[in-house]
**Student:** 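Let me give you the structure first, and then I'll get to my questions.
Heads up: numbering here begins at 1 and tracks the sequence. Both backbone and side-chain heavy atoms feed into the values below; hydrogens, waters and symmetry mates do not.
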Amino acid sequence: MKLLKASLRNFRRLEDVDIDFDSEETIFVGPNNSGKTSATTAFRLFLKSYDFKIHDFSVTRITDINSFGAAGENGGLITLPAMEMDLWFSIDPDMEFGSVFSLIPNVSALIDHVGIRIKYCVKDEQRLQTDYWAVFPIQDNGERAKNLAHFLSLSKNLSRYFTLEYFTLEEIGGGIVLHRMDPDEAKKSLKSLIRVDFVDAQRNIDDNESAGSTRLSGVFSEYYKKNLQQAEVSKEANRVIDENNTNLNAHYAEHFEGLMNVIHNLGVPSVNDRQLRVVSSLSPEAALQTNTSLLYVDPDSNHELPEAYNGLGFKNLVYMAIQVSHFHLQWVNTEEKRPSCQIIFIEEPEAHLHSQVQQTFISNIWEIVRRAAADVGEPDKIPQLGISTHSSHILDAVAFSKVRYFRRCVLNGEDPAVVTTLNATKVLSLKKFKPNKESAGGVTEDEEVTINFLRKYMKLTHCDLFFSDAAILVEGTVEKLLLPEMINKSAPELNRVYLTTLEVGGAYANRFASLLEFLGMPYLVITDLDSVDPANNRASCRADTVGAVTSNSSLKFFLGKSDISELMALTESEKIVSDRSGYVGFQQATPIESYAQGATLTGRTLEETFIYQNIEIFSENKIPSGIVFSGVILEDHEAVYQAIRCSSFKKTEFALDVISTTEDWKTPVYILEGLRWLTSKTCRDVVEEVAE
């Protein structure tokens, strides 16, 4: 049995989401404050602790709660909201029918999955309203001193008036029919179905015994007590402490050998580093207790160091390995009424880990799990993993189909045009992503080719796309180097959001478009005109050449035009593409004040356009370029064009010279316009300012 899907409604920012789970690992990604932790917390609250707080309701549901509290004596039309979690499980009818019998409304139906709804709702609306009014009666001003949400936030009030209800789910005619369950029977059924465990993000691993900290040796000790065969302490232990310590050391070495071998292969410590050893630290005062300490041993000198003498990354890695192994063995070794499936949530495993270990983290965890399962004779008892992360290195190691992207969005019923705060979340499964974007000319690229390109690109570049608010797709190195300073100069508001810059050339921006649109992420394409002369075997030519066309496939894909004259005629609004989620910026005619009035120059590349935009600085050699300027516009146009297209022109050095100069240069207009558009899409509180 496996968990197929969880649906959440009215829980925190997860107002109405579906999260489907992979049979192995499912990876939660997304920007900060997008709901990844809330999704994990929902499993803890609905299935383990039941310790709900008023603030676990979605923002709009808090408004509904307060409206209910403010309703008049006969204003019973307002219904209190409920938080809900639906769980769907796959089953093998031949093997698991008995364990899910209570969840099957129609035993004659042929099914391969079952569902249960857990609903946190009010017990008695009238009693709640009456008690609230009694505590906070209407004052002289016609209002109550505190709203109903405040009343429910008071100690134990929420649990006093709200309870959990359970329903089996039956799919009929494309809809869901609910069948109420007895709460006690439902809880028993859930315990027989699923076990959930958590390796939380707040792992304070140190060598202290203070509150809030965790000694790694204590974790080993707990693992030993609950999962390994126990040693029999000699009756003479109090008199011969050293002898018993020696015996226990040998016992620990034997029984921890398997786990230590796996940990040794996690990536740290290296073969030349110190080794781990678990030793007994029995004392006369506690001779009958299982006391263990974790030491780091130099293999050459046999010198022992306490656990504080190693880095946080290694401790974090070992801690997670032990915790996952512990949870898994606790499930596998359950002798009676073992739950049919297990899911272990690991939050932000990347803390303190260097990149190489992050990349191998998931494979190492699976090695621990599979070895432990085989050692206890249950090789098929494998849990599901739910991993939330901000690490592009961890993401590199998993398939697209296992990624769930948490995207911030507006609440149901809100107008996106006026909302400044995104209080809801939409969860997107990349298993459903189909790169079938059609070009402006009606051409669709091969789906498999596009998917393979995206996978390889993101793996090779450790792309942070899934953790960003917006994306900028650029031609090459020069744009990527100059872009941060251009943003500082021309669109500083963008420094308040998380941007990812993808270097994709002029031919591959379109391959990212379908993925960015699937994620609902605004993107800016900064690309080149790349003018060529069709009358001269499509050789490169100046952008003002009569009849010139573009060789840039991205411009043709997004805008459906190839003639330079047609591209030049496009307005800013006509460069907005993909249902207003993307903007394509390319070189425009640049007014040159130092020449005749109304004179303009048009570049075919960024470097050329940058020089035209800042021609006074370059003509005075304040930024070296090797170009000799005559002051005659046509001659200078040709000189710049020829210098930039020459094979000896060093683009990267050009960008570094621009970055290092103290001169106050200007951002090319086409990039400035694109950055302002992106600002309007991401910085909601400056939309009106940008529009002006």
Side-chain angles (χ1 to χ4, degrees), residues 1-9 11-12 14 16-30 34-48 84-92 96 99-100 103 111-118 168-169 171 176 189-201 324 327-328 331-332 338-349 361-363 365-366 369-370 373 380-389 394-395 397-407 425-433 466 518-519:
M1 177 181 290
K2 295 291 184 181
L3 176 65
L4 291 176
K5 183 176 73 172
S7 301
L8 290 164
R9 286 174 291 279
F11 182 77
R12 299 187 181 181
L14 305 177
D16 187 5
V17 302
D18 295 325
I19 308 171
D20 56 307
F21 283 81
D22 189 85
S23 60
E24 294 182 330
E25 71 267 13
T26 304
I27 311 299
F28 295 173
V29 300
S34 59
K36 302 184 294 295
T37 299
S38 293
T40 302
T41 303
F43 278 84
R44 191 193 303 273
L45 292 177
F46 279 96
L47 297 175
K48 295 195 77 170
E84 297 177 349
M85 170 183 268
D86 292 355
L87 298 174
W88 292 92
F89 301 89
S90 65
I91 64 168
D92 181 346
E96 298 166 327
S99 62
V100 299
L103 299 183
I111 59 172
D112 58 5
H113 61 279
V114 294
I116 184 170
R117 174 169 299 176
I118 312 169
T168 59
L169 304 177
E171 294 179 313
I176 301 295
S189 296
L190 276 170
K191 287 182 179 180
S192 71
L193 287 175
I194 184 170
R195 170 180 172 135
V196 289
D197 293 290
F198 305 89
V199 181
D200 295 321
V324 170
F327 292 143
H328 178 228
W331 173 54
V332 172
R338 178 171 60 195
S340 300
C341 69
Q342 179 188 38
I343 183 164
I344 303 174
F345 289 99
I346 308 173
E347 190 172 9
E348 298 180 12
F361 171 77
I362 292 178
S363 61
I365 290 297
W366 279 123
V369 168
R370 292 192 172 99
D380 296 328
K381 292 300 179 185
I382 302 298
Q384 292 170 269
L385 300 179
I387 301 172
S388 63
T389 181
I394 288 178
L395 201 56
V398 300
F400 265 26
S401 61
K402 299 183 178 183
V403 176
R404 306 296 175 263
Y405 178 71
F406 286 64
R407 186 186 84 197
T425 290
K426 184 175 184 180
V427 181
L428 304 170
S429 172
L430 265 75
K431 183 167 60 177
K432 300 177 181 178
F433 168 59
F466 292 110
F518 177 81
L519 299 178

**Student:** Looking at side-chain heavy atoms only, is the closest gap between Ile194 and Pro339 below 4.5 Å?
**Tutor:**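 Of all side-chain heavy-atom pairs linking Pro339 with Ile194, none is under 4.5 Å.
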**Student:** Test Phe345 against Arg44 for side chain to side chain contact (heavy atoms under 4.5 Å, CB included), laying out the working first.
**Tutor:** CA-CA 10 Å; Phe345 289 99; Arg44 191 193 303 273; over 6 Å; no
**Student:** Spell out, as yes or no, whether a donor-acceptor pair under 3.5 Å connects the side chain of His328 to the backbone of Arg370.
**Tutor:**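 The answer is no, because no donor-acceptor pair under 3.5 Å joins these two groups.
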**Student:** Hey, could you give me the CZ/CG distance between Phe518 and Leu430, rounded to the nearest 0.5 Å?
**Tutor:**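 Here the rounded value is 5.0 Å.
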**Student:** Any side-chain heavy-atom pair from Ile118 and Leu47 closer than 4.5 angstrom?
**Tutor:**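 Side chain of Ile118 against side chain of Leu47, heavy atoms only: contact under 4.5 Å found.
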**Student:** Regarding Glu347 and Thr37, is there a side-chain donor-to-acceptor distance under 3.5 Å anywhere?
**Tutor:**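 A pair is found: one side chain offers a donor N or O, the other an acceptor, under 3.5 Å apart.
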**Student:** If you compare all heavy atoms of Pro349 against all heavy atoms of Ser388, which two are closest, and at what distance to 0.1 Å?
**Tutor:**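 Closest pair (atom of Pro349, atom of Ser388, distance): CD-O, 3.5 Å.
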**Student:** Is the shortest side-chain heavy-atom distance between Phe327 and Gln342 below 4.5 Å?
**Tutor:**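 Phe327 reaches Gln342 side chain to side chain.
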**Student:** Just do the side chain to side chain contact (heavy atoms under 4.5 Å, CB included) check on Thr168 and Val114 with the steps written out, would you?
**Tutor:** CA-CA 8 Å; Thr168 59; Val114 294; over 6 Å; no
**Student:** Side-chain contact test, heavy atoms from C-beta onward, threshold under 4.5 Å: evaluate it for Lys381 versus Arg338 and give yes or no.
**Tutor:**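 Lys381 vs Arg338: side chains touch.
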**Student:** Atom CZ of Phe46 and atom CG of Leu190: how far apart are they, to the nearest 0.5 Å?
**Tutor:**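 So the CZ of Phe46 and the CG of Leu190 are separated by 11.5 Å.
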**Student:** Between CG of Leu519 and CZ of Phe406, what distance do you get to the nearest 0.5 Å?
**Tutor:**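 These two atoms lie 13.0 Å from each other.
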**Student:** For Lys431, enumerate each residue passing the salt bridge (Lys or Arg N to Asp or Glu O under 4.0 Å) test, keeping only those at least two apart in sequence or located in another chain.
**Tutor:**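 Expected list: Asp20.
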**Student:** Keeping Gln384 on the side-chain end and Leu3 on the backbone end, is there a donor-acceptor pair under 3.5 Å?
**Tutor:**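 Yes; judged by distance alone, with no hydrogens or angles, the pair exists.
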**Student:** For the pair Ile365 and Glu25, evaluate side chain to side chain contact (heavy atoms under 4.5 Å, CB included) and give the outcome as yes or no after the intermediate values.
**Tutor:** CA-CA 10 Å; Ile365 290 297; Glu25 71 267 13; over 6 Å; no
**Student:** So which heavy atom on Met1 is nearest to which on Ser340, and how close?
**Tutor:**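 Shortest heavy-atom separation between Met1 and Ser340 comes out as SD-CB, 3.6 Å.
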**Student:** Is it true that Phe43 and Phe28 have ring centroids separated by less than 6.0 Å?
**Tutor:**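 Between Phe28 and Phe43, which both carry aromatic rings, the centre distance is not below 6.0 Å.
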**Student:** Looking only at atom types and distance, does a side-chain atom of Arg407 sit under 3.5 Å from a main-chain N or O of Gly30, one as donor and one as acceptor?
**Tutor:**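 No, the answer is negative, given that no donor and acceptor are paired below the 3.5 Å cut-off.
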**Student:** What distance separates Ile27 CD1 from Ile362 CD1, expressed to the nearest 0.5 Å?
**Tutor:**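 The CD1 atom of Ile362 is 4.0 Å from CD1 of Ile27, to the nearest 0.5 Å.
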**Student:** Please report the shortest heavy-atom distance between Ile176 and Glu171, naming the atom on each side.
**Tutor:**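 The pair with the smallest heavy-atom distance is CD1-CG, 3.5 Å.
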**Student:** Between Arg404 and Ser401, is there a donor-acceptor pair closer than 3.5 Å when you use the side chain of the first and the backbone of the second?
**Tutor:**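 Yes: the side chain of Arg404 pairs with the backbone of Ser401.
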**Student:** Which atom pair, heavy atoms only, marks the closest approach of Leu4 to Phe89?
**Tutor:**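 For Leu4 and Phe89, the tightest heavy-atom pair comes out as CD1-C, 3.8 Å.
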**Student:** Between Ile344 and Trp331, is any pair of side-chain heavy atoms under 4.5 Å apart?
**Tutor:**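 No, every pair of side-chain atoms sits at 4.5 Å or beyond.
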**Student:** Using the test side-chain contact (heavy atoms from CB on, under 4.5 Å), find all partners of Asp86 that sit at least two apart in sequence or belong to another chain.
**Tutor:**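 Here the qualifying residues are Ser7, Arg9, Trp88, Arg117, Leu169.
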**Student:** Nearest 0.5 angstrom please: Lys48 NZ to Phe198 CZ, how far?
**Tutor:**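 Spacing of NZ (Lys48) from CZ (Phe198) equals 6.0 Å.
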**Student:** Could you tell me if the side chain of Lys2 sits less than 4.5 Å from the side chain of Phe21, heavy atoms only?
**Tutor:**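 Phe21 vs Lys2: side chains apart.
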**Student:** Check whether Lys402 reaches the backbone of Asp22 with its side chain - one donor and one acceptor, N or O, closer than 3.5 Å.
**Tutor:**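 No; judged by distance alone, with no hydrogens or angles, the pair does not exist.
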**Student:** Count the heavy atoms belonging to other residues, nucleotides or ligands that lie under 6.0 Å from NZ of Lys426, then report whether that count exceeds 12.
**Tutor:**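 Atom NZ in Lys426 is not crowded, with 12 or fewer foreign heavy atoms closer than 6.0 Å.
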**Student:** Tell me, do Ile343 and Thr26 make a side-chain contact under 4.5 Å, heavy atoms counted?
**Tutor:**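 SC-SC contact between Ile343 and Thr26 ruled out.
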**Student:** Working to the nearest 0.5 Å, report the span between CD1 of Ile346 and CD1 of Ile387.
**Tutor:**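 Going from CD1 on Ile346 over to CD1 on Ile387, the span is 4.5 Å.
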**Student:** Could you check whether any side-chain N or O of Thr425 sits under 3.5 Å from a backbone N or O of Ser34, counting only pairs where one atom can act as donor and the other as acceptor?
**Tutor:**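 Judged by distance alone, yes, a pair lies under 3.5 Å.
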